[in-house]
Amino acid sequence: MSGDQIDGGSRFNDSHKHKDKYKEKEHKHKDHKKDKEREKSKHGNSNHKDPSDKKHRDNEKEKMKHKDGSTDKYKDKHKEKKMKSLDGKVKKENGFASPLQVKSEPEDGFYHSPKNEKSLKRERDDDNDSEFKPKKIKTENDKKAKKRKQDEDIKPKKTKNKREVTDGKKKAKKEPEEKWKWWEEERYTDGSKWKFLEHKGPVFAPPYEPLPSNVKFYYDGKHMKLSPEAEEVATFFAKMLDHEYTTKDIFRKNFFKDWRKEMTAEEKAKLTDLKKCNFTEMSEYFKAQSEARKAMTKDEKLKIKAENERLLQEYGFCIMDNHRERIANFRIEPPGLFRGRGDHPKMGMLKRRIRPKDIIINCSKDSKHPEPPPGTKWKEVRHDNKVTWLVSWTENIQGSIKYIMLNPSSRIKGEKDWQKYETARRLKKCVDRIRTQYHEDWKSKEMRIRQRAVALYFIDKLALRAGNEKEEGETADTVGCCSLRVEHIKLYPENDGQEYVVEFDFLGKDSIRYYNKVPVEKRVFKNLQLFMENKEPDDDLFDRLNTSVLNKHLQELMDGLTAKVFRTYNASITLQQQLKQLTSADENLPAKILSYNRANRAVAILCNHQRAPPKTFEKSMQNLQTKIDAKRDQLSDAKRELKSAKADAKVRRDEKSKKTVETKKKAVQRIEEQLMKLEVQATDREENKQIALGTSKLNYLDPRISVAWCKKWGIPVEKIYNKTQREKFAWAIDMADEDFEF
DNA sequence: TCAAAGACTTAGAACTAGCCCG
DNA sequence: CGGGCTAGTTCTAAGTCTTTGA
């Protein structure tokens, strides 16, 4: 069944975003929710339990209990290996802060000291479904927490990091060998995310610098000096003048409204029409600035770089449980104009500048908490170790909370990521059962069950997202599975020689269009017809279903199962299958990598990961073609030379001419290889025109599958993962061997 | 019980560094 | 040696799912 996953259909034939189509209806479907409510109460009392439900649940529970005892063929092997690696080496704590290393190995073994016995280590492999349930960790007491305090005086090891940056000549140096292998340690089981956390707080956006007086703003043709507050907001608009956004009505309206709020009374009285505002001098000024920046001397650039590096070293890391970990986004988002995606009702609104009094700091009690800038105060300093964030604030557009969190290479993110794939692998074990069940449920006499079953089928087969309800008018009108409306699908009893075809056409996350025509089982088709009966186009297709109902059901089918697990599972299993299918042993390295990319691409198509074709696409394609042609010419020249050299050697029969033949032969080979490489590159790029591989690679594909594939075919992982990716997937690179099976 | 708040993952676009070519 | 072009990096919006609290 999972073979279905890569049918892909005709999805990419069309321009990938089509906003206009959806424009007119704007808020036609306003009263969905009410409709849903009504519907619900109408059918509300028909819920009788499917007895099989409970049975399944119990089965699953039973399985879970045994998870640790189960074995499989890889387990033992891995164990063996693990021991080796453990015995072999005394682990250092993370390489970057040497004082830390000393201090962080308290005799009392506070954190997980490397000296602890292996019993303390995490199971290295998880093949055995060892589900990623955190294993026991001893709970610590304050005496030890105190100990942590010493960490305060850890200073980043400047020299080393500096070196890496400044003489950043390629590959110069190996990373320090002792990278912390958090995956070999215990996890917390008490719901805490850390015991010690210390950081320097956020870096605020630089303050506004007023424009030089020769850069003027004109209203209705006349020069007008703006107050600094109004001027700042005006510059936000000026900076975007070249962007399509600024031509959109909603954008302009929102912008103008918010801009006026920043104006003085006089300004407000005077500036009443955005059309009469002339920002061109400002815009020119900024363009000139960015030119100037590009034209800076090497020295100046170096200086900036050094300053950035300093900032990174100071603010870009935190100490979490004895380790210096990289922070993902330590800079506060600067003020500007909100750019939503798609037809966003709030585009153009002013995104406020964040000040210290908006900021909540999270760190441990026994840490030295960051000081707010002089003369300011934090909103709050709290000590919540049940969460992973270091800093948070509330954003003014949607009123949602934003966070500063750790880098994907950190333990806290890595563990979660690993766990995600383990959950997906557990789904693999019971997916057949679940599929059988939802096939059954298509026949249920309860509408809500049939809807649930059809929705789940879509989520499984087409890798659709769950589709939470969204607040009307707050965001672009996009949908996922549970929020599909009647207008988003069309039914064809017969289409292009196939029976029971469903055509999907809707805007999903980020207003990316999902277009697909898929044949479905008759029963699904009939159900869909029924769901659509007597409904308006803007009514919900699944009016008796929402994500929380669906996830509650999934939870009963398997512990930890939610809708998104299907995406992860289907993506990873597809990669694995495709790799198996597409890789052939006799191909050379570039061809193998092409195969990898094709497998990756199959997943990206399944998950509908699209991108706007790069602006320079056509040109770069052409460039490549030119290169290929040149290489072809070069090849035929080389072949000709080889031929004549051969002829020559035949006549002369001496060592020297023989040697020439060899050289020429080599040259031909080399050029052939280069040509091949270019051609492969061209194919790859063409096929990738509107498909984004990165998202699936980063978020959906169990990295151990890729690592195993690399090991199996002797491909350097660097060909598949760049440096950042290798850091994120360090756990997988370290632990997967060539026969890892997802 | 359910809506809102909160936390965290996933996403494409914008930006940038540094490589390669003429 | 500069300029054009990617590949890699950064940015932050937009999802999912969980938790909270009325």
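Because only heavy atoms are used, hydrogens play no part in the values below, and waters and symmetry mates are left out as well, while side chains stay in.
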Original post:
Mapping A/Thr394 and A/Thr695 to their closest nucleotides on DNA chain B, which lands nearer the 5' end?
Top reply: A/Thr394
Subject >> ring pair (Phe, Tyr, Trp, His ring centres under 6.0 Å) contacts touching residues 458-480 of chain A (sequence neighbours left out) >> reply: A/Phe458-A/Phe504
Subject >> Given A/Arg632, A/Gln625, A/Gln674, the one that forms side-chain hydrogen bond (donor to acceptor under 3.5 Å, both in side chains) with A/Glu679 >> reply: A/Arg632
Subject >> Straight-line distance of A/Asn385 CG to A/Cys363 SG, nearest 0.5 Å >> reply: 11.5 Å
**OP:** Round to the nearest Å and state the distance from A/Asp702 atom CG to B/dT9 atom P.
**Re:** 16 Å
Original post:
Who are the ring-ring contact (aromatic ring centres under 6.0 Å, His included) partners of A/His383, not counting sequence neighbours?
Top reply: none
Subject >> Protein-nucleotide distance (A/Glu472, atom CD; B/dA3, atom C1'), rounded to Å >> reply: 17 Å
Subject >> Atom-to-atom span, CG of A/Asp417 to P of B/dA7 - whole angstrom >> reply: 21 Å
Subject >> Residues that A/Asn396 engages under side chain to side chain contact (heavy atoms under 4.5 Å, CB included), provided they are two or more places apart >> reply: A/Lys351, A/Arg352
Original post:
Does B/dC2 have OP1 or OP2 sitting under 4.0 Å from an N or O in the side chain of A/Asn546?
Top reply: no
**OP:** May I ask you to say what A/Arg293 touches in the nucleic acid, namely base, sugar-phosphate or nothing, with a heavy-atom cut-off under 4.0 Å?
**Re:** nothing
**OP:** Give the rounded distance in Å between these two atoms: NZ of A/Lys287 and P of B/dC15.
**Re:** 13 Å
Subject >> Atom pair distance, as rounded to whole Å: CZ in A/Phe566 and C1' in B/dT9 >> reply: 18 Å
Original post:
Out of C/dT10, C/dT9, B/dC8, which has the shortest distance to the side chain of A/Arg326?
Top reply: C/dT10
Original post:
What does A/Lys193 touch in the nucleic acid at a heavy-atom separation under 4.0 angstrom: a base, only the sugar-phosphate, or nothing?
Top reply: sugar-phosphate
Original post:
Using 4.0 Å as the upper bound for N to carboxylate O, is an ion pair formed by A/Arg704 and A/Glu422?
Top reply: yes
**OP:** Using side chain to side chain contact (heavy atoms under 4.5 Å, CB included) as the criterion, list what pairs up with A/Ala205, not counting sequence neighbours.
**Re:** A/Pro334, A/Pro335, A/Arg353
Original post:
Where along nucleotides 11-22 of chain C does protein come under 4.0 Å, by heavy atom, of base (B) or sugar-phosphate alone (S), with - for untouched nucleotides?
Top reply: -SSBSBB-----
Subject >> Nearest-Å distance for atom pair CG/C1', residues A/Leu701 and B/dT9 >> reply: 15 Å
Original post:
A/Thr388 near the nucleic acid: base, sugar-phosphate alone, or nothing, with a heavy-atom cut-off under 4.0 Å?
Top reply: sugar-phosphate
**OP:** Please list all pairs passing the salt bridge (Lys or Arg N to Asp or Glu O under 4.0 Å) test where one or both residues lie in residues 383-397 of chain A, with sequence neighbours left out.
**Re:** none
Subject >> Distance below 4.0 Å between A/His243 side-chain N/O and B/dA14 OP1 or OP2 >> reply: yes
**OP:** For the side chain of A/Tyr403, starting at C-beta, report the closest nucleotide among B/dC8, B/dA14, C/dT6.
**Re:** B/dC8
**OP:** Indicate, with a heavy-atom threshold strictly under 4.0 Å, whether A/Tyr700 touches base, sugar-phosphate, or nothing.
**Re:** sugar-phosphate
Subject >> Atom pair distance, as rounded to whole Å: CD in A/Glu727 and P in C/dG8 >> reply: 13 Å
Original post:
Pick the nucleotide of DNA chain B nearest each of A/Tyr245 and A/Asn308; which residue has the one closer to the 5' end?
Top reply: A/Tyr245
Original post:
Choosing from B/dG12, B/dA7, B/dG18, which nucleotide comes nearest the side chain of A/Lys305?
Top reply: B/dG18
Original post:
Atom CZ of A/Arg611 and atom P of C/dA7: how far apart are they, to the nearest Å?
Top reply: 9 Å
Subject >> Which residue lies more 5' along DNA chain C, comparing A/Met621 with A/Gln725 via nearest heavy atoms >> reply: A/Met621
